[in-house]
Amino acid sequence: MSEEKKSLNFIEQIIEEDLTNGMKKENLRFRFPPEPNGYLHIGHTKAIGISFGLGEKYNAPVNLRFDDTNPAKEEQEYVDAIKKDVSWLGYQWENECYSSDYFQQLYDWAVQLIKDGKAYVDSQTSEEMAEQKGTPTEPGVASPYRDRTVEENLELFTKMKNGEFEEGEHVLRAKIDMASPNMLLRDPLMYRILKKSHHRTGNDWVIYPMYDWTHGESDYLEQISHSLCSLEFKPHRDLYNWFRDHVYEYSKSDFPLVPKQREFSRLNLSYTIMSKRKLLKLVEEGVVSGWDDPRMPTISGLRRRGYTPASIRNFIETVGVSKRENIIDVALLEFKIREDLNKNANRVMGVLNPVKLVITNYPEDKEEILIAENNPELDAGSREVPFSRELYIEREDFKEEANRKYFRLALGKEVRLKNAYIIKGESCVKDDDGNITEIHCTYDPLSKSGSGTEESKRKVKGTLHWVSKKHAVSAEVRVYDRLFSDEAPDGHKDKDFMEFLNPDSLKVINAFVEPSLVNSKIGERFQFQRLGYFNVDDDATKEHLVFNKTVGLRDTWAKVNK
RNA sequence: AAACCUGUGAUGUAAUGGUUAGCAUACAAGACUUUGACUCUUGUUGUAUAGGUUCAAAUCCUGUCAGGUUUACCA
């Protein structure tokens, strides 16, 4: 535990600096502010990890705030899903907040701004306003309504609030600077009329505050010390500060602390997309089965896929925080889940691509119960696995002839059956098309695993997993591949991300697994030895087992074999 | 040719002017192995570029180049 050696990321450095400049540690407060218009994805876990991580590090409160200022897109379903996902990741929020709870306060402040000549009602169309806005290189021009009197503005704004106008007739704008090089400062909108029911406030309001007017003030009301967001909000910072500084003048006695916005780069993962809008499209077009499809980069998808909260948190930790654009190799995420599951998942045997193996010198009616260790990494005990004359092994684990690089079963070659005996390939049976239907072998009765005999200690190069044919339990196994075939599916200007969909991202297999798995529970995770990590899918029932392949084991042989 | 932000191996990040630029992943070679896994050992690749300041620059300054962001009644 060398605390002093651990380096700080740039946000931690800012906080440390604020602390040395006199900010009290008790005043540290953070927030995670999702809009409830979709499910959380792996990209959000970075933001979650940063703010909640800071909360843990400084023992400071972190609010979960729903940024719900657009009734057209937000739904309770998403609120529930977001809360579930954040909790599942293992974070606890101090307060559950809603921007919509601040609508009245925001309105009151807006009225004050109008009275101070800092805001006005504009009555042009959005097209007209867009035209006046100018471009980054040319200044904008003032709206003809910019100099309305305070009285007129007040009257119009009140009528807007009272629902006396239709959508689009008027908006409230902050009066800042139409010539600012920062386009966001060219009299940004504060309110628009939206005659839609809100998931929390119902029909109480027909004017809704815009993001910029809402977000910073919500931070201020909650007395957030550091408001952390992603880089695309950097240009908003000037506006954040403008609003904040005015509101502070109105309310500093009640709310003395001034929040500070800082920006970090968002997370991008290779071979996937991270846009809610695009993920929604995958769901709506039925490309995936839902937001929690195991191929989705959503938290709910990863959860269903078999990822653990710890693996995701470790991943985020390793990725770090900076201000540069990045694409993180999905291999790192896979490493993190393997690392966790290798340590914690019990080992079992299952055969995904079965071929029959007959041990010709094993007695017809004999059955044995063999002992198999659950997890060599842990003291996780052992289980019983039935063994008999006829087994299933993987089709890839047998070749009639093989070179010395091939460690598996071949005619005349020996391998060990995991937890069982050493066998030797003798012959195989083929159908009319030349496909192998049955493999015949002989076994060495003295080589039984753990028996302590000389024969049992013999080294053979290969070890195969297997399932006793008579005792095998059939199971549906869903094998996933990446959803997109391109490293950056939405990184092409000339091509739509849908063009890169991988048609083979899901394969459904009928497999045979060892009988101990009939008692497995939904969500339970296992290592299928030599194959990978699998978990029990939500669709599984007692009668019909369903497994998801979380991730394969690292496979050096597959690389050599290519 | 606007403003702002960002450039460190393949990827991500560290070094906060001061030893051979560290760590993780990835990749490669080997050891071990009743999982071709895990673990262990070893190895390859890097400070965008040109100047400047300094005894000393990845770090500070200037130019160049490259990438990103901003022109929603979305957040």
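These numbers were taken from a predicted model, which means no experiment stands behind them. Protein chains get the first letters and strands the later ones, always in sequence-line order, with residue 1 at the start of each. No hydrogens, no waters, no symmetry mates; every other heavy atom, side chains included, goes into these values.
One finds a side-chain N or O of A:Lys459 lying less than 4.0 angstrom from the OP1 or OP2 phosphate oxygen of B:U34. Between B:A37 and A:Thr556, a contact under 4.0 Å exists linking OP1 or OP2 to a side-chain N or O. For B:A24, the OP1/OP2 oxygens have no side-chain nitrogen or oxygen of A:Thr318 closer than 4.0 Å. Contact annotation: A:Arg192 reaches the phosphate of B:C74 (side-chain N/O to OP1 or OP2, under 4.0 Å). OP1 or OP2 of B:A75 has at least one side-chain nitrogen or oxygen of A:Thr69 nearer than 4.0 Å.
Residue A:Leu464 is classed as having no contact, given no heavy-atom separation below 4.0 Å to the nucleic acid. Residue contacts for A:Phe10: at a heavy-atom cut-off of 4.0 Å it reaches no nucleic acid atom on any strand shown. Base engagement by A:Phe407 is indicated by at least one non-hydrogen atom pair under 4.0 Å involving a base atom. Residue A:Lys46 is classed as having no contact, given no heavy-atom separation below 4.0 Å to the nucleic acid. Using a 4.0 Å heavy-atom distance criterion, A:Gly450 is classed as a base contact.
With the nearest nucleotide of RNA chain B identified for both A:Ile328 and A:Asp212, A:Ile328 has the one nearer the 5' end. In terms of position on RNA chain B, the residue among A:Thr125 and A:Lys448 whose nearest nucleotide sits closer to the 5' end is A:Lys448.
There is no side-chain donor-acceptor pair under 3.5 Å between A:His41 and A:Thr298. In summary, the side chains of A:Arg31 and A:Ser227 do present a donor paired with an acceptor at a separation below 3.5 Å, with no hydrogens or angles considered.
A donor N or O paired with an acceptor N or O is not found under 3.5 Å between the base of B:A37 and the side-chain atoms of A:His465. A donor and an acceptor atom sit less than 3.5 Å apart, one in the side chain of A:Gln527 and one in the base of B:U35. Judged by distance alone, with hydrogens and angles left aside, A:Arg416 brings a side-chain donor or acceptor within reach of the base of B:U34, the pair sitting under 3.5 Å. Between the side chain of A:Arg408 and the base of B:G36 there is at least one donor-acceptor pair of N/O atoms closer than 3.5 Å. In the interface, the side chain of A:Arg347 is paired with the base of B:U35 through a donor and an acceptor atom under 3.5 Å apart.
B:U25 and B:A31 are spaced 22 Å apart, taking the C1' atom of each and rounding to whole Å. Across the P atoms, B:C4 and B:U64 are found 13 Å apart, a figure rounded to whole Å. Using P as the reference atom, B:C5 and B:G63 are 13 Å apart when rounded to the nearest Å. The same atom, C1', is picked in B:C27 and in B:U6; the two are 28 Å apart, to the nearest Å. Spacing between B:A2 and B:C60 at atom C1', rounded to whole Å, works out to 27 Å. Comparing the same atom, P, in B:U44 and in B:A21 gives a spacing of 13 Å after rounding to whole Å. Look at the C1' atom in both B:A72 and B:U59: the space between them is 40 Å, to the nearest Å. For the C1' atoms, the distance from B:A24 to B:A15 is 15 Å, rounded to whole Å.
A:Phe387 and A:Tyr362 have perpendicular rings, their planes meeting at more than 60° on a 0 to 90° scale where under 30° would count as parallel. Ring-plane geometry between A:Phe526 and A:Phe547 is classed as perpendicular, the angle between the planes exceeding 60 degrees on a 0 to 90 degree scale with a lower cut at 30. Ring geometry, A:Phe528 versus A:Phe534: the interplanar angle falls under 30°, so the pair is classed parallel (tilted spans 30 to 60°).
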Report, one pair per line, the protein and nucleotides 27-31 of chain B atoms (nitrogen or oxygen only) whose separation is under 3.5 Å.
unit_1, atom_1, unit_2, atom_2, d
B:C27, OP1, A:Lys559, NZ, 2.6

Tabulate atom names and distances for all N/O pairs under 3.5 angstrom spanning the protein and nucleotides 3-5 of chain B.
unit_1, atom_1, unit_2, atom_2, d
B:C4, O2', A:Lys234, NZ, 3.3

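Looking at A:Asp340, A:Leu269, A:Ile337 one by one, the single match for side chain to side chain contact (heavy atoms under 4.5 Å, CB included) with A:Phe315 turns out to be A:Leu269. A ring-ring contact (aromatic ring centres under 6.0 Å, His included) with A:Tyr191 holds for exactly one of A:Phe157, A:Trp205, A:Phe103; it is A:Phe157.
The ring of A:Tyr211 does not lie on top of the base of B:A75; it is either too far (5.5 Å or more) or too tilted (30° or more).
Following rounding to the nearest Å, A:Glu394 (CD) and B:U35 (P) show an atom-to-atom distance of 16 Å. The interatomic distance linking A:Asn342 (CG) with B:U39 (P) rounds to 6 Å, in whole Å.
For RNA chain B, if you chain together Watson-Crick or G-U pairs that step i with j, i+1 with j-1 and so on, the runs of at least three with distances under 3.5 Å are B:2-7 with B:65-70, B:10-13 with B:22-25, B:27-31 with B:39-43, B:48-52 with B:60-64.
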